[in-house]
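Below is one structure, written out as structure tokens; comments come after it.
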Amino acid sequence: MSDLVGYETEGRVAILPIDNPPVNALGIGVREGIMAQVDRAAADDSVEAIVLIGLGRTFPAGADIREFDQPTLEPHLIAIVDHLDTIEKPIVAAIHGTALGGGLELALGCHFRVAVPSARMGTPEVNLGIFPGAAGTQRLPRVAGLDHALELIVLGKPVGAATALEYGIVDDLIEGDLRAGAVAFAEKIIADGTPRRISSEPRTGIGSPEDHAETIEKYRELANRRMRGQDSPHQAIDSVVDGMTMSYPDAVQADRKRFELCKNSDQSQALRYAFFAEREASKIPDIGKEIAPREIASTGVIGAGTMGRGIVASLADSGLPVTVVETSQEALDNGMTEIVKLYDGMVQRGRIDAAEKDERLARITGAVGFEALSNTDLVIEAAFEDLDVKKQIFGDLDKVAKPGAILATNTSYMDIDAIAAATSRPEDVIGLHYFVPANAMRLLEVVRPAKAAPDAIATGMALAKKTGKIGVLARVCHGFIANRSRLPMVREATFLVEEGASPAQVDAVLTGLGMPMGPLAVSDLSGLDVSWRMRQSLADQHDPAHRYMHLADRMCELGRFGIKAGKGWYSYEDGGRRPVPDPETEAIAIEVAKEQGTPRRDISDDEIRERCLYAAINEGAKILDEGIAARASDIDIMWLYGFAYPRWRGGIMFTADEIGLPEIDQRVREFHAEHGKLWEPSPLLTRLAKEGGAFTR
Ligand code: 3HC
């Protein structure tokens, strides 16, 4: 028998500790163990109640996701949950850490639930492309009511123990030692003769969908809005609705088929891939856990522009003191005013209260001149994107920063090796590339220059974690991983407009893939002048054999900078942000095409999809081949968190594997023949396509 579930007794109470680190996932060994030990307790005459508890950091955090690719071995979790209904002795789930998914379903199978106040519980299965498949969709509505059940099941966000108590999911909160509290709770149940509460009762359906039409519709709409294009939230709702009209056993039966379909869907495969890819990203192949990050107790940010302010807020939000430095009192005052506005906005939107705002603002100090950074553990430069300016800043910083301080640049594409060389301590220089708005976007691209010390890199990754971000490592090259792999998509989008597609057609094809905005609407939002300036600064490095983005330049020359100018690829009426197709853009595209000798034609949606997506994938393959990314999944995480690529497609490299590399290689070669050098096929793509290999498997 499995030894992952123990058997101990305290008086009349049997305690079954689950011991399957790190998260007590309900793999086959645990399932076998629970079944056997529950039966042993049921048969043990000295036992009158049972406590199920997790050892280590948590109650089970769900089914073992790694088992999903194999046939499920018996006993299935649903069989265990249903079996608990038949045990005559009261069973108490004692919850700490996170009772998630199958973990919460297991707890719902128990007759009572107690939790420590710090515990969190929920059903995050929709985030994996499935839904609670061990009767959670049937039992949770019976226990917590339809609205709360749908909230947990459809939105997939866990709630804290206090909310769970309010929803009726837990019966009591235990202050102090959980095990002792749970045993005392069980003793009281025995003493009071409290009848067991069976969460599969009533066994009949629990209401009519018509009576609850409004609530059901509310969650359908929320699912459409928050999880656009994703099937599982709707499958979850269908399952809950089944439970209203069907008896419990029939609804569970219907769930089994639906669950299998979801589990085997492309979306679930992609979402499970993303789950593990995200965790993998934090592991750096040559920097093990033995390399400790440096201690960061104080931080500084150079520059209080849009990016600098976002970084300041991100640091202050995580409890770190920040000194923000500007070159003049006026620039500093402007920056500080904007930071206060940023927090006022959060208070207005109900994100934080006034007291929290004051606490966060109290962590921020403004200063003019670098001397204020002399005692700071980590400094992030967020100045203008100009290599000479940055070298100057790092040279000056080198003179005042304390030994061992991490000196980071937020550049989004520049040569950080050159920036590091402007200091006497290149081992302390790293890149921390934030995304706008830096306080809200969860991606942090941690860039590793050639001479950076391992513990400096470990510190960058630790900072990401501390500030609630996903840190992904990149080596130095122009644009690193994120911007370098995205540029070809934007480039092709603009070429396609020059060749005859409308911005709306191009964007519609990409939103059709599940991205919330197309690349041209995004350019309008972030400002076309940003990449224009970059092209100007790199003009002397332009390879004449590379097709050039003349149309994008012309848009800027005409002042069409995007939303802030009221016009860009689209026009924006009355200071609004809604893109309206603009015939002037077509006229400009026709003019530029004529000047460049570009034939205009009807362009199919397929061509738009292939050119935008395959250009990015081909670049991703080069990034991987050159070792700029440690693994293909790191590129995917950049796209999921940096560019809102739909998680249920896994990322561009996962999508490539789904489409098939021979197909992509073939099309890249055709585009290369047709459009020239920018389409040079990645040798890695070609090799893997020939060998039947893949990027992500
Ligand atoms: N199955 C398998 N492995 C799991 C797992 C699971 N359910 N949950 C976490 N792990 C692994 C992680 O991959 C990671 O492994 P690694 O160290 O080798 O990279 C390790 O456990 C620790 O996980 P985290 O790094 O994520 O640790 P955190 O402390 O940051 O977070 C957590 C802990 C909140 C529990 C988080 O891991 C999590 O959200 N896990 C997934 C929860 C979930 O989705 N549960 C539902 C599963 S599906 C299900 O139950 C179906 C049912 O309805 C039938």
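Order of listing sets the numbers, starting from 1, for every ligand and every atom in it. Position 1 is the first residue of the sequence; numbering continues from there. If you're wondering where the values come from, they're calculated on a predicted model, not measured in any experiment.
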Tabulate distances under 3.5 Å between N/O atoms of ligand 1 and N/O atoms of the protein, writing both atom names on each line.
| from | atom 1 | to | atom 2 | distance (Å) |
| --- | --- | --- | --- | --- |
| ligand 1 | 1 (N) | Ala63 | O | 3.4 |
| ligand 1 | 1 (N) | Ile65 | N | 2.9 |
| ligand 1 | 7 (N) | Ala63 | O | 2.8 |
| ligand 1 | 13 (O) | Arg66 | NH2 | 3.4 |
| ligand 1 | 19 (O) | Lys283 | NZ | 2.6 |
| ligand 1 | 26 (O) | Arg279 | NE | 2.6 |
| ligand 1 | 26 (O) | Arg279 | NH2 | 3.2 |
| ligand 1 | 27 (O) | Arg57 | NH2 | 2.9 |
| ligand 1 | 29 (O) | Arg57 | NH2 | 2.5 |
| ligand 1 | 45 (N) | Ala61 | O | 2.9 |
| ligand 1 | 50 (O) | Ala63 | N | 2.8 |
| ligand 1 | 50 (O) | Gly102 | N | 2.8 |
| ligand 1 | 53 (O) | Glu105 | OE1 | 2.8 |
| ligand 1 | 53 (O) | Glu125 | OE2 | 2.5 |
| ligand 1 | 53 (O) | Gly133 | N | 3.1 |

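Among residue pairs with one or both ends in residues 150-167, those qualifying as side chain to side chain donor-acceptor pair (under 3.5 Å) are Glu151-Tyr167; sequence neighbours excluded. Applying the salt bridge (charged side-chain N to carboxylate O under 4.0 Å, His left out) test to pairs two or more places apart or on separate chains, those with a residue in residues 630-655 are Glu278-Arg647, Arg631-Asp634.
Under 4.0 Å is where a charged nitrogen must lie from a carboxylate oxygen, and between Arg220 and Glu217 no such pair does. Between Arg197 and Asp171 there is a salt bridge, since at least one side-chain N of the basic residue sits less than 4.0 Å from a carboxylate O of the acidic one. Taking a cutoff of 4.0 Å between a charged side-chain nitrogen and a carboxylate oxygen, Asp69 and Arg272 qualify as a salt bridge.
Under the side-chain hydrogen bond (donor to acceptor under 3.5 Å, both in side chains) criterion, Glu67 pairs with Arg31, not counting sequence neighbours.
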